[in-house]
Amino acid sequence: MTTSSTNIASQILHQTNAFLSETVSQPELRHRLFTAFRRKPPSSSTPTTTFKPLNSALETLEKAIIIISTTKNPLAAHSSSPSLHLAEKLLLSCPETPFSSFLLSVTYTLTNQPTNAALSLLNIFSLDPSLARSDIAPVLFEELFLVHLLPVHQWFNEQRSKVLSSLSMDVGYYGGRDEENSVSDMSVVVPYTKLLSKMSGGQALELKELESRYEEVVDENCRVFANYFKQVLENYNGANRSVKPPSVIVKEMRKAGHENKKINKSKEMEFHNGRYNPIWAEGETSVELHSFTSSSSSPQPYYPQRVSPKTIRNQNSRKSSPFPTLDSDSEQECSLDDNLLDSPSSSSSDSEAETLEKNRKMALFEPRQSQAQKQKQPVVADSSRASPAHLMADMDNPPGGGKHTPPKDFVCPITSHLFDDPVTLETGQTYERKAIQEWLDRGNSTCPITRQKLHSTQLPKTNYVLKRLIASWQEQHPGAVIIRPSNPPHKKTEQPTSFKSATVLPSTSPNSVISQATIDCTVSELRHAIANLCTSEILSESERAVLRIERFWQEASMEVEIQSMLTKPPVINGFVEILFNSVDRMVLKATVFLLSELGSRDNGVIHTLTRVDSDVDCIVSLFKKGLLEAVVLIHLLRPSTMGLLEMDMVESLLTVIKKKEEDTFKMCLKPKTAAVLLLGQILGSSEESIVSSIANAIVSTKVIENLVGCLESESAEERIAAVGILLRCMQKEGKCRNTIADKAELAPVLECFMSADDGERYEIVQFLSELVKLNRRTFNQQILHIIKDEGAFSTMHTLLNYLQMAPQDHCPVVAGLLLQLDLLAEPRKMSIYREEAIEALISCLRRSELPAAQITAAETIVSLQGRFTASGKSLTRAFLLKRAGLDKSYRNLMRMEQLGNLSGEIEEALEEEKAAEDWERKMAFALVSHEFGLLFEALAEGLKSRHKELSSSCFVSAAWLIHMISALPDTGIQAAARVCLLKHFIKMFKSAKDTEDKVLSLLALNSFIKDPEGLRDLTSYMKDIKKDLRELKKSSSLAFEILKVLSNGHDSSAELWNHKELVQVDCTENGEVLSIACFMDKIFSGHSDGTIKVWTGRGSILHPVQEIREHTKAVTSLAVLQSGERLFSGSLDKTARVWSIGNETVYCVQVHDLKDHINNLVVASGFSCFIPQGAGIKVHSWNGGTKVLNPYKNVKCLALSHGKLYCGCHDTSIQEIDLATETQVSIQTGSRKLLAKANPINALQVHDGLIYSASSALDGTSVKIWNASNYGLVGSVPTTLEVRAMTITSDLIYLGCKYGVVEIWDRKRQSKIETLQTGTNGKVICMALDESEEVLVVGTSDGRIQAWGLS
C-alpha cells in the first residue's frame, strides 16, 4: 500500500472517529441524529418489520452508553459487550438502511472497532447522500468530500451566472447603481426567488432545472467517493492492492449542452480523463479560492492555489483532508498563480483602488466568522492583506475590556472620549455629534472610518440606546479612565501597493453552496432599509424599513451574510427603538419576528437586548398588551424564574397557549411552544403558594385541554414542559386529572422518557402515577394498560432500568407505578418487576437517614389500595373507617368531593366496586406475600418514627394490609403480622386521642381475633382495652362486637349503655315545659306562660343565660334550622317568631302572624307547617302565602323529612303528604273511640328510612315501626306505658311516658336497655338530644327540666 493511501486512510479514520466520539459523548447530538433518521420516510422496499429490531438495538446502545458514561470504568464497557455483540448481530440481520448503518457504526465505536465503524458511517453516504451531507454529518462531508466537488461548484456557478446575466440584460437597472448592484457581484447574498417575478417562464424553469441537476451530480459523486474511501480503508486493513482515486462524474453536466466547454475547462484545470485531482504538498495543504470583479459578463472561475505552510500557520488552518497527492500538478499550479498575479484585474492601480473602495463599502455587511468556522473553511485568506472589516468598530464585543477601561464601543473614534451625544451614520459607524459635524463642516462627505460616501450629510437622531448603556456603565465604574488609541482610526491608513481583492469564501455546507449559487446580487434595497431604520427621524420611514427587511429576510431564506448585516448592534438598537415608538401591529410583529430569528442564531443579539433592562421591559409590556409573538423573543432572552415572576405575565402566557395558532409568521419557535416552556419554568421553580394559584388559573380558564394537546408536540422539550405543568395542576387542582386522562395521548410522553435527563424522567413518572389516581377503577386500569403497551420501548423494562439507577427519594414513585403495571395480569409466582418494586419500597421505608424517601414510600403503599376521590386523594383511610362502621367521615368526604352514584347507574357502580375489590385483593396479596411478610417489619419500624406523616401513613398501610389478611389465602402470613404489629395496635388503641385512629386500630385487632392464636394474645390485654371499648361502643359497632367476643359472647347491654343524671331544674313558676330544643352548647325551653328560656350546660349544672317574654301565650313548639342558625317558635298567640341564635344574645329577627293557634310547628328553609285550632294542616310560606292540607283530620303531631310531611291524628291514623305534589298516602287507618276513650298518635319520628309512631298501649304496643318506602309495618317496641314524647339516635330509642318515666330501648334489637326516673309524677311532654347525642334533656308537665348524659 502506498504512503499516500496510508495517509488517506489515517485521515479518514481520524475524521470518522472524531465524529462518532462526539456523537457518543453528547446525548443531545445523538438524539437529534436519531430524530433525523426517523423523520426520513422509509423506502417502499423497506419492510415495516425492520423498525422493531432497530428500536431494540437503539435501546441497547443507549443503555450501554449510559453505563459507560456514568461509571467511567473500563470494566463497564466490558460488562456491556455481550449486549453490544447481540445488537451487532441484530443490525447485521436487518436490511441495509442509513439508520441501521449509523447504529452499526455506533456499535463498532463502543466495541473499539474503528475501521468497521468508519466503513458503516461511510455507507450512509452511499445509501442516502442527501441525508448524510445535509442532516447527519455535514462537517464530515466538508472534511472528506467537498474539495473533490470544486469543479462541480465551478460549473454550476458558471451556468447560473449565464442565466442571471441574461436576466440582468433583460431587466436592466434594479434597485441601485449598475456597478454596485450587478448580478455578477458575488459578495451579496440575495435569493434568486426574489427575481422570479422579473424572469420569463423559460428562465425560471432553466434555473430550477439547473439546481436539480446539480443536486443529482453531487449525490452521485458522494456515492462514488464514499465507495472509494471504503476501498482505501479495506486496503489499509491488510489488502495489498492499488486503489485509484475515482473520476468526478460529469455526464450530468454535459446534458446541459456545454460538453465541449467542460472538456476545455477540464484541460485548463488539469482534469485527466474527466477526473479532478487537487494539488498537495507535504501532506498538509490548504486551497485558496479568489474571485475578481471583471467587466465581462461572465465572472472569473474559482481556482485552487497552494498556500505555504507559514501562511497556513498564521491562519490557524485546519489539517488537510485525506486526499491523494499528485506532484505532477505543481508546475501547472505555479503557472496558474503567476497568471493570477499578472491578470488584468490586479495589474491596474485604478482597478485596485476601485476594488478597495468597494470592499470598504461592503465592510458593514461582511459576516463575522468564529475561529472554529475559519478552521473548517476549505479556503484560506491571506492574513497579510488588509481587510476592510478590521477598520470597523467592533460593536459585537461585550463591554468591560479592563477594570477601569471603557469598552471601545463607548468611545468616539475621533475624540477618543466617552460619547456624550452619540450618532450612528448610515455606514453603521458611531461618532460624537460635535466631532462628526466638524468633520462634515470641513467639506468632507464620507464616513471617516469606512470612507464610504454619505448619501446625506444631515446627522441622524441621537443613539439613545447606546447613551443609556454608557450611563449604566459609568454608574458601575465611577473611576474609569479613557485609553487613547495609538493609531486613531479616523486617520487615513496607507494601503498595500499589491492588494488582492477580498476573497469570497464558499460556504462549508452543501446546502448553503446551492443557496449561494441561486442568490440575487443586489443589496441596495436592504442597505437602504437598514439605513432608514438606523438613521431616519421619521417613524413611518423606519416602520416601512422594518417591513422591507422582514420581507427581504423571508425571501433570503436566512442566508448567513444577511444575518451578519442585521445582527450588528446598531441595527438591533434600531429594531428596539421601533418597539418603543411604533403602534402599528404589523410593524411590531415583523420587528419581534426579526429579533427572534436573529436571536435564535446569534447569541450576540440576545446580549445586546439584555444589556439594557428597559429594552426587556418594553418587550414584556408589548407581550402583555397583546403582541403574543413577543413570547418567543422573551423565551430567547432566557430570563430567570424570579424575573419571570416579576414580569407578571402568567395570564398572557395562558392566552397564547389557549389561542389557535396562526401562520402569519413561521418563527424559529412557535409562540405556543415558547409560552409552554416559560410557564413550565415558572411552575418548576416557584413557591407552593404561587404554583397553587397558577394551577387554579390554568384550571379555571380551561387551558388544560390545550396543554394536553402539547403532549403531542413535535418538540420533545415542549412535551416535557407540558408534562411538568399538568403534573402540578393535578397535584394542586386534582379534579382536572379526569380531563387529562380522557384526552391525553401518552405514546409521545413515553417516547420522551429515553432522551430525558433524570429530573425530567422523574417528572414523567410522577405524571403517570398521578394520572392513575382516578375515582373509577376501571378507567384507572385502562390508563395503566395504555402506559404498559404504548411507546416504542418496553415501558416496564425501561422503568426497571430507571428504578435501579434512580436517586433514593425517586424510587418509591417509580416502584409504585412499576408494581401497578405488573399487577395488570394475574399475580404470578415470580415476577422480577414485582420483586424489584416491592424491595425498593421496603428499602426506602427503612432508610431512616432519608425521611423524605420514607414518607414517600409509606404514602405510595397507602395509595396502592386503589380507591381515590375525584381530586386524586387516597380513600384508603376513609374506606377502612367505613368498613369499621364509622362511615361519617367517608360520607362527608364523598359529599365534599361530590362523589355520589356514578351517573346514577347502579350496575355501573357495582361494576366499579367489583373492580376495586379485585384490585385491592391482588395488590394486598402481592405486598404481604413478599419475603414472607417482610413489609410488616418495615411498617413496624415506621410506626416508631418521630415524623408524624411517616407514622400516620405506616399506620394506615398496616391497618389496611392486616385487615385484608382475613380475605386472602392462608399462607401463614398472619403469624408474622401478629408478631410485628399486634403490640403496636394495642398501644395505638390505648393512647390515641382521635376516635378514628382508635377505630382503625380496632379494625386491625378484629383481624387478629379471627385467628385463635391472635385471640389468645389479645385476651391477655383485655383489662387494658375494655374501658376504651366501652367508651367507643357508641361510636362504632365494631367495638361492641369485639367487646362481646372478649366477654365470651355475653351481651351486657345495660353495661354497655349507661346513663347518668346530670342536672334537674325547677321552672314551675313558668308553668309546663311544652317544648325543648338544643343547638351547639345552648338549650332552649318553651313554657306555658309564653316564656322562652336559654340555658347553657357547664358540668352538672344548667346555667340560665337569657329569659325572653315576647310571646303572650304558651310556646308550644321550638325548632332549630341548622343551616341558618335560626330558632323558630310557635305559640298559641297565633304568631311564629324567628330568632337569631348565632351570637351570645338571642333576639327576634322576624314575626309571622299566622292568624291561628299553633299547637305544633315544623319548619324547612322556605316554609313552615303547623297544627291549627281546628282540623287539617296549614302550610305557610315565609313569603306570606298559606294553604290547608289534610282538611278532614284532626292532627295531633307532625314530622317533616325530605319534603314529605307525616301526620299523626287523634283517631290513630297516620298520613304521608308529598308537599311538592300535595298527594296523600294513608300509612295507618284510623279507628273510632274505644270504650269512649281516644287513642291519639302522640309522637312521630322519621329516622334512617323508618317511621316511628307512639301512642298508648291499648292495642298491645305503644310504638310501631313502619317502612317509609312501602309503608309496611316492620316492627314494634313492646312497651306497656303511654308514650307522650319520643326521640331517636342511631342506636337508641328514648320514650317519654307518664309518671316521669323515660324508657331507653335498643333500636336494632327492640330490647329495653334502661329506665330513667325524673323523680316526679308529671308527664314527660318534650325531649331533645344535643348534637353529639350524648346528653338527653326532658321537660315535664310540672315545670321541671332534667338532663342525663351517657357514661
**Item:** Contact check, side chains of T856 and D809, non-hydrogen atoms, under 4.5 Å
**Value:** no
**Request:** Please name the pair of heavy atoms, one in V862 and one in S874, separated by the smallest distance, quoted to 0.1 Å.
**Result:** CG1-OG, 3.6 Å
**Asked** Looking at side-chain heavy atoms only, is the closest gap between F1008 and I986 below 4.5 Å?
**Response** no
**Asked** Sub-3.5 Å donor-acceptor pair from the side chain of N1267 to the main-chain atoms of G1272, do we have one?
**Response** no
**Request:** Measure the shortest side-chain to side-chain distance between M1080 and E1331 over non-hydrogen atoms and say whether it is less than 4.5 angstrom.
**Result:** yes
**Asked** Which pair of non-hydrogen atoms, one from M923 and one from L864, has the smallest distance, and what is that distance?
**Response** CG-O, 3.4 Å
**Message:** Students often mix this up, so state it plainly: with edges at 30° and 60°, are the rings of Y1294 and H1059 parallel, tilted or perpendicular?
**Reply:** perpendicular
**Request:** Check whether any side-chain N or O of S991 sits under 3.5 Å from a backbone N or O of K987 as a donor-acceptor pair, and report yes or no.
**Result:** yes
**Prompt:** Within the side chain of S700, is there an N or O that forms a donor-acceptor pair under 3.5 Å with the backbone of A697?
**Reply:** yes
**Prompt:** Can you tell if the side chain of L711 reaches within under 4.5 Å of the side chain of F767, non-hydrogen atoms only?
**Reply:** yes
**Message:** Check this for me: does any side-chain nitrogen of one of K788 and D822 sit under 4.0 Å from a carboxylate oxygen of the other?
**Reply:** no
**Item:** Heavy-atom closest contact (A815 atom, L841 atom, distance)
**Value:** CB-CG, 4.1 Å
**Request:** Answer yes or no: are there more than 12 heavy-atom neighbours, outside E790 itself, under 6.0 Å from its atom CD?
**Result:** yes
**Request:** Nearest 0.5 Å please: distance from the SG atom of C736 over to the CD1 atom of I704.
**Result:** 4.0 Å
**Asked** Taking atom CZ of R846 and atom CG of L939, what is their separation to the nearest 0.5 Å?
**Response** 10.0 Å
**Validation row: I698, L683 side chains within 4.5 angstrom (heavy atoms)** = yes
**Message:** Under the criterion salt bridge (charged side-chain N to carboxylate O under 4.0 Å, His left out), I'd like the reasoning laid out for E688 against K732: C-alpha separation, chi angles, the key distance, then a yes or no.
**Reply:** CA-CA 9 Å; E688 291 297 317; K732 300 300 179 182; 2.2 Å; yes
**Item:** Worked check of side-chain contact (heavy atoms from CB on, under 4.5 Å) between L768 and L750
**Value:** CA-CA 10 Å; L768 297 175; L750 296 171; 3.9 Å; yes
**Between H930 and E839, a side-chain donor and acceptor under 3.5 Å** = yes
**Polar side-chain atom of E912 near backbone of T778 as donor-acceptor pair, under 3.5 Å** = yes
**Fill in**
Here the gap from E705 atom CD to K743 atom NZ, rounded to the nearest 0.5 Å, amounts to 4.5 Å
**Complete:** Only one of Q808, H810, Q854 passes side chain to side chain contact (heavy atoms under 4.5 Å, CB included) with C844, and that residue is Q808
**Message:** Let me confirm one number: the CG-CG distance from L875 to L880, rounded to the nearest 0.5 Å.
**Reply:** 10.5 Å
**D1330 side chain vs E1334 backbone, donor-acceptor pair below 3.5 Å** = yes
**Request:** Without swapping roles, check the side chain of R877 against the backbone of V956 for a donor-acceptor pair under 3.5 Å.
**Result:** no
**Message:** Determine whether I855 and L950 satisfy the following criterion, side-chain contact (heavy atoms from CB on, under 4.5 Å), listing intermediate values before the conclusion.
**Reply:** CA-CA 5 Å; I855 293 171; L950 175 59; 3.9 Å; yes
**Prompt:** Can we say E920 and R883 salt-bridge, meaning some charged N sits less than 4.0 Å from an Asp/Glu carboxylate O?
**Reply:** yes
**Asked** Taking the side chain as C-beta and beyond, is there a heavy-atom pair between L819 and L927 under 4.5 Å?
**Response** yes
**Request:** Take atom CD of E913 as the centre, draw a 6.0 Å sphere, and report whether it contains more than 12 heavy atoms from other residues, nucleotides or ligands.
**Result:** yes
**Request:** Applying side chain to side chain contact (heavy atoms under 4.5 Å, CB included) between V928 and each of L935, I973, L934, report the one that passes.
**Result:** I973
**Item:** Test item: L845 and I861 side chains (from C-beta on) under 4.5 Å apart, heavy atoms
**Value:** yes
**Prompt:** Rounded to the nearest 0.5 Å, how far apart are CZ of F955 and CG of D997?
**Reply:** 5.0 Å
**Message:** Quick check: closest heavy atoms across I725 and L707, and the distance to 0.1 Å?
**Reply:** CG2-CD1, 3.6 Å
**Request:** Quick one: do R1307 and T1289 satisfy side-chain contact (heavy atoms from CB on, under 4.5 Å)? Show the steps, please.
**Result:** CA-CA 8 Å; R1307 190 174 72 87; T1289 70; over 6 Å; no
**Audit row: R728, E763, salt bridge (charged side-chain N to carboxylate O under 4.0 Å, His left out) steps and yes/no** = CA-CA 10 Å; R728 282 155 186 82; E763 280 206 336; 2.6 Å; yes
**Item:** Rounded distance [0.5 Å steps], CG in L1000 versus CH2 in W960
**Value:** 14.0 Å
**Request:** Quick one: closest heavy-atom pair of M730 and R737, and the distance?
**Result:** O-NH2, 2.8 Å
**Request:** Salt-bridge test for D918 and K914: reply yes if a basic N is under 4.0 Å from a carboxylate O, no otherwise.
**Result:** yes
**Message:** If you define the side chain from C-beta out and look only at heavy atoms, does anything of S863 sit under 4.5 Å from T876?
**Reply:** no
**Item:** F936/I965 under side-chain contact (heavy atoms from CB on, under 4.5 Å): CA gap, chis, key distance, verdict
**Value:** CA-CA 12 Å; F936 292 130; I965 286 178; 3.8 Å; yes
**Asked** Just by modelled atom types, is the F989 backbone N or O under 3.5 Å from a matching donor or acceptor in the K998 side chain?
**Response** yes
**Prompt:** Between A940 and C980, what is the shortest heavy-atom contact and its length?
**Reply:** CB-O, 3.7 Å
